[in-house]
Structures are given as structure tokens and as C-alpha cells.
Amino acid sequence: MPLPLPLQSLATHEFSQLLDVLPQVAQWPEPLQQQTRDVMGLSPFIAETLKRGPEWALSLPQRLPFDAAKPVVYRERLSEKLLGCESEAQAMATLRQFRQEEMTLIAWRDFHQLWHIEDSLHHLSELAEAIIFEAYHWLYQMCCREWGTPMSPDGLPQSMLIIGMGKLGGGELNFSSDIDLIFTYPENGETQGTRRAIANAQFFTRLGQRLIKLLDQPTVDGFCYRVDMRLRPFGDSGPLVMSYAALEDYYQEQGRDWERYAMVKARVMGREMYAHYQELRQMLRPFVFRRYIDFSAIQSLRRMKTMIRSEVRRRGLHDNIKLGAGGIREIEFIVQSFQLIRGGREPDLRERGLLPALAGIKRLELLPASDISQLENAYVFLRRLENLIQAIDDKQTQTLPQEANHQLRLAYACGFTDWQALVGQLQQHMHNVHQIFNQVIGEEEEQASPCVAACYQELWQLTDDAQMAKQILHEELSVPSDVNLHQQLVSFKAELDKKTIGPRGREVLHHLMPKVLQAIFAHPGAQFGFARVLSLLNHIVTRTTYLELLDEHPAALTQLVNLCTASPMVSEKLSRYPILLDELIDPEQLYHPIDVSDYHCQLQDFMARIPEDDMEQQMEGLRQFKQIAILRIAAADITGVLPVMKVSDHLTSLAEAIIACVVKQAWKQVTEKFGQPTHLSQREGLGFAVLGYGKVGGWELGYNSDLDLVFLHDCPDNVVTDGAKEIDGKQFYLRLAQRITHLFSTRTPTGILYDVDTRLRPSGTAGLLVSPLTSFEEYQKENAWTWEHQALVRARMVYADEALAQGFTRVRQAILTMERDEPDLKQTVVEMRNKMRQHLAGKKANRFMLKQDAGGITDIEFLAQYLVLRYSHAKPALTRWSDNVRIFETLAEQGILSVAQAESLIHAYTTLRNQIHRRNLLNLSTDVDPSRFVAERDQVIDLWNTWLG
């Protein structure tokens, strides 16, 4: 596409002046001459630079072709040039000439679209880093000669770390940007090597001052970069350079929200300094990325946006593609809101660059794919336009030009036929961005939730007056006068006065509480949910971030009220682990638990975000996943999405996934120390298995169930491990089992993982924690009691390799199909049941104990176990399943029970289990009025008497 006519005459004029200065250009190929002519018409900066006749301009034909695969070599080339500099004046000239040369190449490629905008931003950032770091490196050596080398107290040389902030840190520097820097050094100490030592702080301060001068001071060659140091602690009034410790103290004690925002992109200059920076980065991470979800970031970003908008209005910055509505800054705010809110939990969001961070948001599905696509397209368009605006005259501006020629230049360089077409596309992009911005962040003066009725505002404001609160509740909210909700509210507010709540927390609470009251009284069970919701708020009120979550998300508040009203168990879980409140934001996800077959994959994906070597976070991650999964299961259970059998399936699949993950973690820890047993080189798998007994074995886990586990291995005698610290193979598996139980039982901020009971192993607590399969088989055949064979009916492999799984299946079937003496078996089973009744049944007068009383769940379980042990020698199909429902179905298929008998037992069993689930959700004990479930109990007792009476 030819240049617009007004630019053609300008281009021809500029090119003829270039030929006067550099006649060799006439020897270039005609396409390159035309490209040169065009670019001189598009960019006065390039035209003026070339017309000065620099020698490097003659190398353009060789340097212009761009290969993205080639490494960036700015530092190597600049370092070589600086070697010949003996004074700061010479260094200044070298740096400025080098920058002009490279910026000309970058602008040339931008105007002719010879690369992607991402390549341009990357090269601009790499060029700035090269100039900053090589200037520092050259100055550091000069300063060491003058004042000595700065040393740590233990005698190690110290370097200054230069932290690039903003777009420089993110690798997205624009064409004529300032550079935001922070200077820091490791430790206090003194210089060595000269007659007079000076403090490290003084050395680095002087070095920093000279570096700023080297980069910033205008000379006949211009300047390199305007250096902005205002992002350092205390801003302009703070010291120019601070030690790591002082930096950490500042950010932990005085760091402000906008400094968190800035620190997300922080990156140290110079690849050889990365190792030094890791220590500092680890120190600062808790300040930048909070451990828990942090919705205070949204309000902070709103305030910043409001301040920026006021500044735009005050300075008359019309048509500003960076600061205007829908501009670059709003895209940055959208992305950084997710980074600051969730970055502590999601490593995918800790990217410095905007596009990589946006990709992390996409992977985590935090925004719709269509919004992500719009933001990516708008960002690329706006950054390209910004670069071109600045490359016209090498001026720092983000405002659309008013001059006609500049408008023509931009339209042509962006591939549009005219200025209006470019503006139309720009407006569409900015409109899309601003819509998404309002959805995610909104405006500070906007309310994120629906209007709250005046009576709730009044109720909260007048709570201190118990009589007035009672009157509002009774007259306006129709609460019966004999219900003491007003007293609960008064007590709640009085409790708040005793708590340490900062000004921001009290502000949010004042704004939130009327919404909470409105949400509670919109629920038909308000008088039940009232105390539970207030109790939960009482637990989290000192953590402002959770209050802000509920204030920002009306849907989350509604779900909180629904779940707390339906289940005190869920209410207590949310109070104990408020990190779960994050799950309330998306009701669609909340009420649809993970697919029962997908827990392993989902857990792997969840844990993949946590570094494998961070065992503390790995353990916490497992517990968080469990609590999140259980909350979703309970929510689906409460709303009837999951029937009771499916609830147990989900809870059991969750437990199995966690067991597998714990075994993997324990294996990694133990093998790192001892290596692995040498017999594994001859076979696949770990040679280790976990058996599930009881509820986990029978696919019948409840919300509060513990795990009955038994550990097996198949390690032969005389095997040792192959690690640096060699131990016996059987000792290795003992250490492994101990480590597994430790990982389950260790308490972290999110509690323990599961209570694990290993007493069902051979010989109980007197036996080995982990047994060889051969010993397990021998014990079951020769020493096990009948009740242990009953337990084996409900046992199955929940983690194992193929060889052990087949071995256990063979052993279990062999034991269960042993022919038994019927009278002896009956007597033993009945005696065991009677013993249990004496200890556990009838504990509450005039109450039916759902598990232990006659006709209850334990009778049903014993009946299933008795029938399997009684008939499996003749009907081995009875040993296939470990859950009661399918055992009864198989007993009917095999003709032992009639279909009607099996169905009545299954009905009674599932009905009673469903009631236990309901009572667990309500935090009620497992006993009911004796008038309930009479028909089911009578059927069970009748069948018990038929078989065991």
C-alpha cells in the first residue's frame, strides 16, 4: 500500500537529504530504498537520526531482517563498546549513541510491521535492561577503585540489585517510556581495598546517584531514559538505596496497596543477579501475594482508577489510550486484580507480563474465554498504537495526535485506509475493555450490590438500642416477639467492640451488615440462619478481606446464608476455614461437585500449582482441596442434587484420590532419604498397597468419617534400599507407612487431613504397622477372629500396584470362601453383636439410636457379613463386592435372599443412612424419636430373627 499523498512528498524530501549525507544509500536495493523513503516520511525521529549520518546507518541492510529465534545480544555488544570508555562523559556518549541506533531499528520494524508487537516490547525491555545493567557494571568497577569494594560482615563482596518496576519489570516497555527503578543491597557493612573505608549504604547511594546521572542527564547526544525513583520506600523522601532487611521491614509494616500493585511486575536487572534476587523475592512475596484470597485489592484499584480519572480530567488528557476509559491501564487493572486477589494461591497468576498473566486467568477460567480474547486483542492493538505514537517523534505520549500528518502516519502504519477507520476500531476495543472493567472492578462510587432496604440500614444502625431493634424486627420484619433475635444482634455488635478491627474493616462492616441482614430475612428459615451467620461473621470479622469478598459478591452472600441456614456443619466449616468462602462466588460451580471419576485428575491439577519441594504448602494444598470438595458435595447434598448413595460415592472417591496423593508425597520424602528397595528394579509399581476397611472399603464414607486403613507390601527378605543411606527393605516400608500416617494427622491452618485408624491390621495395635502380603494371608487363615473376617467382607484395595491388587483379591476370596460351621458362625456373630449392644446401644432413654439399636444400621451390616461368610464357599460371587447394597443385590441373585427381602434391607439401610447424613449436616447426634422408621426397623428385626434369632 503506497504512502498517503501528503506523506509521499515529505518522504521524498527527507530521503533526498539523506542521500546528500550518506550517498552510499543510493547503492542499496530499490525495495530497501523505497522502505527507507517511506519510513522517513512516517517517523521524523528516524529521519532526523539518519540525516545526522551516523556510521552505523550503513549497516541497516544487514541488520533490518528480524529472526525471532536469534538471541538478544544487546548486553554483549554494549559491554564491548563500554570497555574503551575512560570517563563518565565518554560512557554517556556511548550509551546514548547505542540507544539511538537500536531505537531506530525498533521503530523501523514497528512502522513496517516487520515483527509482532510482543517482539517490539521485548526488545525495548531488553535494550533498557542492557543499558541500565552495563552502565551499572561499568560504574561499579570505577566506584570500587575509588572507595573500595563493599563487603558483607562475613567478608563477601556485595553488589547492588537494580529492580525494574512497571512495564520494564514486566518485559513490556514502550517506546519512549520512563524507567521506574528501586535500588537495594544485601547487608550493611563497609568497603575494603582503599585507605579509607566507607559504609556500604554510602557506597551504594553514591553509585546509585551516578548511575541515574549516567542514564538521565541530557547531553549533546540526548539522554537514555528518564529515571523515576519514586516507587522506592518512602518515595522521594526515602533513602535512595536500602538493604534487604530494611526493604522487607518497610513492605511488611508500611507497604501500601499501590505498592503491592507495582511490586507484581518487579524484576531484577541482569541475569547473573537472579540468584541474589530469589532471597529478596521470597521475602517480599507475602506482601505482594497474600496467602488467602484478598478482595481488598479491588477497592484499592478502584481508588487508583478514580484518582487517575481525576488527573486525566484536570490535565485535559483527552483521547488518551492509556489512561482513558477502556485504555491500557484498565486492562492492567483487570489482570492485576486477579493477580492480587488470587496470586497467593495460584502460581499461574504470578507472571510479570500482562499477556502471560492473562493466559493464566484463561487456564484457571476466571473470566469467560470471549472476554479474554477481547482483552488480548485490545491490548495488542493499543500497545502497538502507543508504540507508534511515541516512535513518530520519540516522545512520551499516549494521546491521539491532532495533527493531520501524524494521523495519516498512524493510520498507514496500523494498516487502515484512513484515520476514521483506525478511530472506529480503537473505540470498539476501548468500549469492550471498559465493559469488562466495570464487570470485574467497577467504579469506586458504584455499589456492587442491589439497593438495601431502609429497614435493614436502620436495624443495623439502631442495634445498640435493644428495644428499638426488637421493635423493627417485630413490626417491619414480622419476627415473632417471643423470638430473641434482637438480643443475638445486640450481643453480636457488643462482641465487635472487643475485637481489633482496623478502620477499613469497620468501614466495610458498616457497608456489609445491612446487606447481610437483608439476605438473612429473605430466607424462609431466617430464625435458624440468623445465629449461624452472625457466628460465622464473628469468626472472620478481623480479616477484612473476607468481609470485602461478601460485600463485593452478592451471590456469595446469598449462598452463605442458604448454606448456613440449611446446615450448621457447613456453617462451622466455613467459620473454621474461611478460605472456603471463595467457593461461594460461583453458584453454578458450588452446587456441581467434581465428577465422581475425576477426583484424581482434579487433585493432580490442583497440586501441580504448588512446588513439589514445598512440603508445607503441599500438605496445606491437600487439606484445602479436601475442604473445597466437601463443601461442594454438602451444597449439592443440601439442595438435593446428590442422593445419599451418590454423596458417599463422592466422599469415598475424594478420599481415594487423597490417599494416592499422600502415598506419592510420602514415597518422595522417604526415597529422597533412603533410595528405594532394590527388588523394585525387577518389577513395576511401588510394592506397596493400602487397604480400605469399613466405610471407605464399603464406599459408604460420611462427612465426619475417619479412614480405617491397613498397609501391605511384598518386599522379600534380605532386600535393602539403593540410597546413600541404606536401610532394610521392610524397614523402608515401615518408614513409608509412618510417614503416610504423619501426613494425614499433621495439623495445618486448614486442620488435619483425616483421622486414620490402623487397628484393623493383623494383631491390631500389637502388630506391625505394615505387613508383607504373605504374613497377612497367614494371619487371616490361622489367627484371625471371626469379627476380623467380618471386617474383611468390607475391605478392598484403595491404592496398590497391579501385582499386590491381584494378590490381595486372591487372599480375600480364599478367606471369605472358607467353609465354616454354621452354628458356630451364627453363635460368634450374635455374641459379638450382643457385646456391641451392651456397650453402645440404648444410651439415650426414649430415643432410637440409628446405628446401634435393634433394627439399626449395624444389624443390617452384620446380617450382610454373616450371609457372605455363611454362603461364599458355595457361592463365591458373594465375595465380589464390599458395599452392603451390592452384597444384598448379589444375595438375591444367588437365591439366598428373596428379591423382596433384599429390597427391604436395601431400603432400610439407605433410609437410615440418609437420615444420618441429614443429621450430620445439622450437627445433630444420630438418634431420633422412637416413633420414626418403625416399619424399616421391624423389617430388619424380622430378617435378623429369621437368620440369626
List, one per line, each side-chain donor-acceptor pair under 3.5 Å for residues 85-94, sequence neighbours excluded.
{"from": "Ser87", "atom 1": "OG", "to": "Gln90", "atom 2": "N", "distance (Å)": "3.2"}
{"from": "Glu88", "atom 1": "OE2", "to": "Arg210", "atom 2": "NE", "distance (Å)": "3.1"}
{"from": "Glu88", "atom 1": "OE2", "to": "Arg210", "atom 2": "NH2", "distance (Å)": "2.7"}
{"from": "Gln90", "atom 1": "OE1", "to": "Glu86", "atom 2": "N", "distance (Å)": "2.6"}
{"from": "Gln90", "atom 1": "OE1", "to": "Ser87", "atom 2": "N", "distance (Å)": "3.3"}
{"from": "Thr94", "atom 1": "OG1", "to": "Gln90", "atom 2": "O", "distance (Å)": "3.0"}

Practice task
Please lay out, stage by stage, how Asp216 and Cys224 fare under the test side chain to side chain contact (heavy atoms under 4.5 Å, CB included).
Solution key: CA-CA 6 Å; Asp216 196 306; Cys224 287; over 6 Å; no
Problem - Any donor-acceptor N or O pair under 3.5 Å, side chains Gln100, Arg52 - result: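 Distance-only check passes for Gln100 and Arg52.
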Handout entry: No-hydrogen, no-angle side-chain donor-acceptor test under 3.5 Å, His434 and Glu330
Key = yes
Under 4.0 Å between a side-chain nitrogen and a carboxylate oxygen: does that hold for [X] and [Y]?
| X | Y | result |
| --- | --- | --- |
| Glu376 | Lys362 | no |
| Arg363 | Asp348 | yes |
| Lys81 | Glu134 | no |

Practice task
Considering non-hydrogen atoms only, spot the tightest contact between Leu161 and Val268 and give its length.
Solution key: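 Leu161 and Val268 have their closest heavy atoms at CG-CG2, 3.6 Å.
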Problem - Donor-acceptor pair, side chain of Glu126 and main chain of Tyr74, under 3.5 angstrom - result: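 Not confirmed, Glu126 side chain does not pair with Tyr74 backbone.
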Exercise for the section: Please check if the side chain of Gln374 supplies one atom and the backbone of His429 the other of a donor-acceptor pair under 3.5 Å. Expected result: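 Not confirmed, Gln374 side chain does not pair with His429 backbone.
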Exercise for the section: Answer yes or no: is there a side-chain heavy-atom contact under 4.5 Å between Thr49 and Glu101? Expected result: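 Contact flag for Thr49/Glu101 side chains = no.
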Problem - Option among Gln390, Lys167, Gln396 that satisfies the side-chain hydrogen bond (donor to acceptor under 3.5 Å, both in side chains) test with Asn174 - result: Gln390
Problem - Near-ring test His123/Phe66, centroid separation under 6.0 angstrom - result: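 Yes, the ring of Phe66 comes within the 6.0 Å limit of the ring of His123, centre to centre.
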